[in-house]
Amino acid sequence: MIVILNSRVGEDSPETRTILEYLRAKPGITPKIHQVVGTQQVLTEIYLVGDTSILDKREIENLSGVKRVVRVSRSYAVLGRHAGDSRSYGFNYNGVTFDQDSLNIFAGLCAVDTPEHVEQMLKAVSRAGMVCTRMGAYKPRTNPYSFQGHGANCLPWVFELAGKHGIKVIAMEITHENHIEEINTALEQAGNPTGVMLQVGTRNTQNFELLKQCGRQGRHPVLLKRGFGITLEESLNAAEYLASEGNRKVVFCLRGMKTNMGDPHRNFVDFSHVPVIKRMTHMPVCIDPSHSVGTRDGSPDRLLDSFHVTAQGVIAGANMVLVDFHPNPPTALVDGPQALVLEELEFFLEDIRIARNAYLERNALARKFHEANPGPA
Ligand code: PEP
Ligand code: MN
């Protein structure tokens, strides 16, 4: 159950104290207070853990300061969409808005290699008018002898270069909670020139201790990759771990499922789930065409499969695209064969614009239909 307070009622107000006292007096009920920083306003919500069936919804709604009480119908209490649930969605991080209406492109290196490549990449990103990128410093590798990423050593110059090129948000995978501290230290030392979205990779989707640590720190948003071999429900529960620990700034990323049914793609592309996640939760949805397709193969129409699946995800309403580029893929230390080259960036972005406009048109068409036909769902 979620108790939503009026927008003027803050965490420390007398009304909140009275409401908490009332709730704490109920047997077996633990209230947890959350500040929801939306793009429009800050809301205070109280999440009730325990057997809430003993509670009288009306009685709580009559308490001073309470706007509404939502009975949680699914296990994704914080991130899920519930009946009659019109809470504000999305968040703003370092000047960039992430919600279910926006679209942000994160083109960048799968793995940081040299300062020259990072600079060439960031120049291309900022020349294209973008403020987000991806830069892998900690790489989880299948083979223990493969390059594991430069780790903390590269952070000072990566952050400095990002600041120089006006980058606001870098998606950066972490594989251990210590990496959060390393990132924070490097950001402080560089004078916070940029922001970091902590990426939890598909191999760590159910690393619950890592999720809890990412959830407890409220500073950085989290990009959670869907687990490649678990159900959607299990991956959404993993996202809920982040939120239940206090961090609601979560973007959910589809990156394909591991099965030979997807051959010849590296993974079976699952972007048809974009609208499903948006229906079931409040999370913005990201698609990762690079790790889904995993090749530079193209069709006779001269569009690469990765372009096609990106367009398919964007036309279905995706809110973020995470994509591998490299100035010189044959020299890339990780995932060179799937990287797009810098010369393709404008082409890729224009193709996305076409798909995005088609999505917006489809959206307007649906609105028109439902205004004229209020009956059908
Ligand atoms: C990545 O984005 O670099 C990555 C390793 O992705 P995934 O966790 O989806 O395999
Ligand atoms: Mn990769």
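Not measured: the values here are computed from a predicted model.
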Between R356 and D351 (salt bridge meaning N to carboxylate O under 4.0 Å), is one present in this structure? no
Can you check whether S306's main-chain N or O pairs, donor with acceptor, with T310's side chain at less than 3.5 Å? yes
Given salt bridge (Lys or Arg N to Asp or Glu O under 4.0 Å), test D335 with R266 step by step and report yes or no. CA-CA 11 Å; D335 285 347; R266 182 173 173 182; 3.3 Å; yes
Tell me if a side-chain donor or acceptor on R141 pairs with a main-chain N or O of F147 at a distance below 3.5 Å. yes
H370 side chain to R367 backbone, donor-acceptor under 3.5 Å: no
Evaluation steps, side chain to side chain contact (heavy atoms under 4.5 Å, CB included), between I315 and R362: CA-CA 9 Å; I315 207 172; R362 295 175 63 224; 4.1 Å; yes
So, Y47 versus E45: side-chain donor-acceptor pair below 3.5 Å or not? yes
Should I19 and L43 be regarded as members of a common hydrophobic cluster, given that ILVMFWY residues are connected when their side-chain heavy atoms come within less than 4.5 Å of each other, either directly or indirectly? no
CD1-CG distance between I183 and N178, expressed to the nearest 0.5 angstrom: 11.0 Å
For P289 against V321, the heavy-atom pair lying closest together: CD-CG1, 4.0 Å
Any idea which heavy atoms bring E233 and Y76 closest together, and the distance? CG-OH, 2.9 Å
Polar contact flag, side-chain donor to acceptor under 3.5 angstrom, H282-D99: no
With salt bridge (Lys or Arg N to Asp or Glu O under 4.0 Å) as the criterion, how do K212 and E209 come out once you've worked through the C-alpha distance, each side chain's angles and the decisive distance to 0.1 Å? CA-CA 5 Å; K212 285 182 197 166; E209 296 309 315; 3.3 Å; yes
Heavy-atom side-chain proximity of E11 to Q35 below 4.5 angstrom: yes
To the nearest 0.5 Å, tell me how far I170 CD1 sits from L187 CG. 7.5 Å
Compare all side-chain heavy atoms of L5 with those of V66 and state whether any distance is below 4.5 angstrom. yes
Got a donor-acceptor contact below 3.5 angstrom from the T194 side chain to the G163 backbone? no
Is there a path of hydrophobic side-chain contacts, each under 4.5 Å between heavy atoms of I, L, V, M, F, W or Y residues, that connects V334 with V158? no
Output yes when E177 and R216 qualify as a salt bridge under the 4.0 Å nitrogen-oxygen rule, no when they do not. no
Do D101 and N319 have side chains that get closer than 4.5 Å, going by heavy atoms? no
Side-chain (Y138) to main-chain (M172) donor-acceptor, under 3.5 angstrom: no
Using a 3.5 Å distance criterion without hydrogens, assess whether the side chain of K278 forms a donor-acceptor pair with backbone atoms of Q100. yes
Kindly say whether C214 contributes a backbone atom to a donor-acceptor pair with the side chain of Q217 at under 3.5 angstrom? yes
Under a 3.5 Å distance rule, please check whether T52 uses its side chain to pair with a backbone N or O of L48 as donor and acceptor. no
Salt bridge present between E188 and R219 (N-O < 4.0 angstrom): yes
Let me check something: do F91 and L322 share a hydrophobic cluster, defined by ILVMFWY side-chain heavy atoms less than 4.5 Å apart, either directly or through other members? yes
Between R353 and E346 (salt bridge meaning N to carboxylate O under 4.0 Å), is one present in this structure? yes
Just so I know, are the side chains of R68 and E61 near enough to count as touching, which here means a heavy-atom distance under 4.5 Å? yes
Atom pairs and distances, side-chain donor-acceptor, residues 106-120, under 3.5 Å, sequence neighbours left out:
unit_1	atom_1	unit_2	atom_2	d
D113	OD1	H117	ND1	3.1
D113	OD2	H117	ND1	3.4
D113	OD2	H326	NE2	2.8
T114	OG1	H117	N	3.0
T114	OG1	H117	ND1	3.3
E119	OE2	K164	NZ	2.8
E119	OE2	H165	NE2	2.7

Name all residues meeting the ring-ring contact (aromatic ring centres under 6.0 Å, His included) criterion together with F325; count only those two or more places apart in sequence or in a different chain, and write none if there are none. F348
Mind checking whether I287 and F347 sit in one hydrophobic cluster, side chains of I, L, V, M, F, W, Y counted as touching below 4.5 Å? yes
Measure the spacing between SG of C253 and CG of L224 and express it to the nearest 0.5 Å. 8.5 Å
So, is the end of the K258 side chain (NZ or CZ) under 6.0 Å from the ring centre of F228 and within 45° of the ring's axis? yes
Donor-acceptor under 3.5 Å (N267 side chain, H291 main chain): yes
Inspect the contact between E240 and R248 and indicate whether a charged nitrogen and a carboxylate oxygen are less than 4.0 angstrom apart. no
Inter-residue atom distance N104.CG - M320.CE, 0.5 Å rounding: 7.5 Å
Identified side-chain hydrogen bond (donor to acceptor under 3.5 Å, both in side chains) partner of R226 from the options T202, D270, T231, T205: D270
Any pair with a residue in residues 231-277 that passes ring pair (Phe, Tyr, Trp, His ring centres under 6.0 Å), sequence neighbours left out, goes on the list, sorted by first then second residue, please. F208-Y241
Using modelled atom types only, decide if a donor and an acceptor are shared between the side chain of N204 and the backbone of N207 within a distance under 3.5 Å. no
Do L63 and I54 sit in the same hydrophobic cluster, where Ile, Leu, Val, Met, Phe, Trp and Tyr count as joined when their side-chain heavy atoms come under 4.5 Å apart? yes
